[in-house]
**Student:** 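Structure in structure tokens, see below.
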Amino acid sequence: MTSLINHTGSLLSWSVIEYSAKYESTKELHHIKEIIRWGVDYLLKTFNSSADTTNNIVAEVEQGLASRGSKLNNHYSWMRPEDIDYQCWLPSVWARCSDLAAEVAAALAVASIVFKNDKANSYKLVHGVFTLWKFASRDIKHKNVYIGQWDAASFNSTSLVESLK
């Protein structure tokens, strides 16, 4: 879920940066910003965003239970995480997920531009970026460790170095 939210949040944030006048003309700018805010608030809860350093980040990635007959997993469910009413696999990842941390940092960075007029929120996002950047850059050889071997094809990160620049 974390990976999906950071990619979606990044895309929506860039759309606001590029097309804010269009969102404003359709009276949707506030709405899209609230959607982005929900996503970055979720991402900030996946690690200790108030600290200057962190040693872990939480990622929730289902194991593809649909292949065994169940449709209760993230490949088929498009609801908000707080509305999920079935048990999810929630691994806590320790110091071996530089790609996920870098991707979340990139999503927070672009969102900080969207919220640049809200100084407190923008500062909180930038602080999270620096915390995750330190975490991600200390061991970039652990790419795709957070998702394991069983689902690397579904969530393969190919742009880790770009995310860390």
Side-chain angles (χ1 to χ4, degrees), residues 1-54 56-62 66 71-93 97-137 146-147 151 154-160 162-165:
M1 187 68 76
T2 303
S3 184
L4 298 174
I5 290 174
N6 73 53
H7 288 290
T8 303
S10 293
L11 179 65
L12 291 176
S13 293
W14 279 118
S15 77
V16 168
I17 292 166
E18 291 292 322
Y19 304 109
S20 62
K22 299 284 185 184
Y23 281 115
E24 188 66 49
S25 70
T26 59
K27 303 198 183 337
E28 288 294 325
L29 185 59
H30 177 74
H31 182 234
I32 193 72
K33 283 185 172 183
E34 287 304 309
I35 293 169
I36 295 167
R37 185 180 308 274
W38 177 89
V40 296
D41 286 348
Y42 177 91
L43 293 174
L44 288 169
K45 293 175 185 174
T46 63
F47 67 100
N48 186 356
S49 61
S50 62
D52 290 335
T53 60
T54 189
N56 64 36
I57 187 168
V58 174
E60 185 260 314
V61 179
E62 284 293 331
K71 291 202 175 205
L72 296 177
N73 70 52
N74 291 335
H75 298 283
Y76 291 94
S77 175
W78 289 92
M79 64 178 76
R80 300 178 319 161
E82 59 266 27
D83 292 339
I84 293 175
D85 60 356
Y86 54 88
Q87 186 174 5
C88 292
W89 180 59
L90 186 69
S92 183
V93 182
C97 57
S98 53
D99 54 346
L100 177 63
E103 290 170 1
V104 172
L108 295 178
V110 70
S112 74
I113 298 169
V114 170
F115 297 110
K116 65 184 178 190
N117 293 331
D118 177 356
K119 298 295 183 197
N121 193 37
S122 186
Y123 175 81
K124 180 173 59 171
L125 295 171
V126 170
H127 184 265
V129 169
F130 282 110
T131 300
L132 285 176
W133 184 85
K134 286 186 268 185
F135 176 52
S137 62
Y146 74 98
I147 57 173
D151 213 7
S154 296
F155 297 99
N156 187 19
S157 172
T158 59
S159 61
L160 173 61
E162 286 300 314
S163 294
L164 286 174
K165 287 184 178 179

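Along the sequence shown, residues are numbered consecutively beginning with 1. Excluded from the calculations below are hydrogen atoms, water molecules and symmetry mates; all remaining heavy atoms, backbone and side chain alike, are included.
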**Student:** Please list every donor-acceptor pair under 3.5 Å in which a side-chain atom of residues 11-20 meets a protein atom from a residue at least two apart or in another chain.
**Tutor:**
{"unit_1": "S13", "atom_1": "OG", "unit_2": "G9", "atom_2": "O", "d": "2.9"}
{"unit_1": "S15", "atom_1": "OG", "unit_2": "L12", "atom_2": "O", "d": "2.7"}
{"unit_1": "S15", "atom_1": "OG", "unit_2": "Y23", "atom_2": "OH", "d": "2.9"}

**Student:** Could you state the interatomic distance from OG1 (T54) to CG (N48), rounded to the nearest 0.5 Å?
**Tutor:**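 T54 OG1 to N48 CG: 5.5 Å, rounded to 0.5 Å.
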
**Student:** Could you measure the distance from the CG atom of L44 to the CG atom of L125? Nearest 0.5 Å is fine.
**Tutor:**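 Here the interatomic distance stands at 5.5 Å.
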
**Student:** Measuring from atom NZ of K33 to atom CG of D118, what distance do you get when rounded to the nearest 0.5 angstrom?
**Tutor:**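 That separation rounds to 9.0 Å.
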
**Student:** Does the side chain of N6 come within less than 4.5 Å of L100's, by heavy atoms?
**Tutor:**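 They are in side-chain contact.
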
**Student:** Of the non-hydrogen atoms in A109 and V129, which two are nearest, and what is the gap between them?
**Tutor:**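 Shortest heavy-atom separation between A109 and V129 comes out as N-CG2, 3.4 Å.
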
**Student:** What I'd like to find out is whether the side chain of D41 reaches to under 4.5 Å of the side chain of K124, using heavy atoms alone.
**Tutor:**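 Sidechains of K124 and D41: in contact.
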
**Student:** Donor-acceptor pair, distance only, cut-off 3.5 Å: does the side chain of T26 make one with the backbone of K22?
**Tutor:**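 Indeed, once roles are kept as given, a pair shorter than 3.5 Å links the two residues.
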
**Student:** For the backbone of S49 and the side chain of T131, can you confirm whether one donor and one acceptor N or O come within less than 3.5 Å of each other?
**Tutor:**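 Between the backbone of S49 and the side chain of T131 there is no qualifying donor-acceptor contact (under 3.5 Å).
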
**Student:** Quick check: closest heavy atoms across N56 and F47, and the distance to 0.1 Å?
**Tutor:**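 Closest heavy-atom pair between N56 and F47: O-CB, 3.6 Å.
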
**Student:** Applying side chain to side chain contact (heavy atoms under 4.5 Å, CB included), run through E103 and L132 and close with a yes or a no.
**Tutor:** CA-CA 9 Å; E103 290 170 1; L132 285 176; over 6 Å; no

**Student:** Please lay out, stage by stage, how I5 and W38 fare under the test side chain to side chain contact (heavy atoms under 4.5 Å, CB included).
**Tutor:** CA-CA 10 Å; I5 290 174; W38 177 89; 4.1 Å; yes

**Student:** Is a side-chain donor or acceptor of S112 paired with a backbone partner of S122 at a separation under 3.5 angstrom?
**Tutor:**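 Answer holds: no.
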
**Student:** K134 and D52: which non-hydrogen atoms are nearest, and at how many Å?
**Tutor:**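 Closest heavy-atom pair between K134 and D52: NZ-O, 2.7 Å.
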
**Student:** Tell me the closest heavy-atom pair linking R37 and N121, and the distance in Å.
**Tutor:**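 Residues R37 and N121, closest heavy atoms: NH1-ND2, 2.9 Å.
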
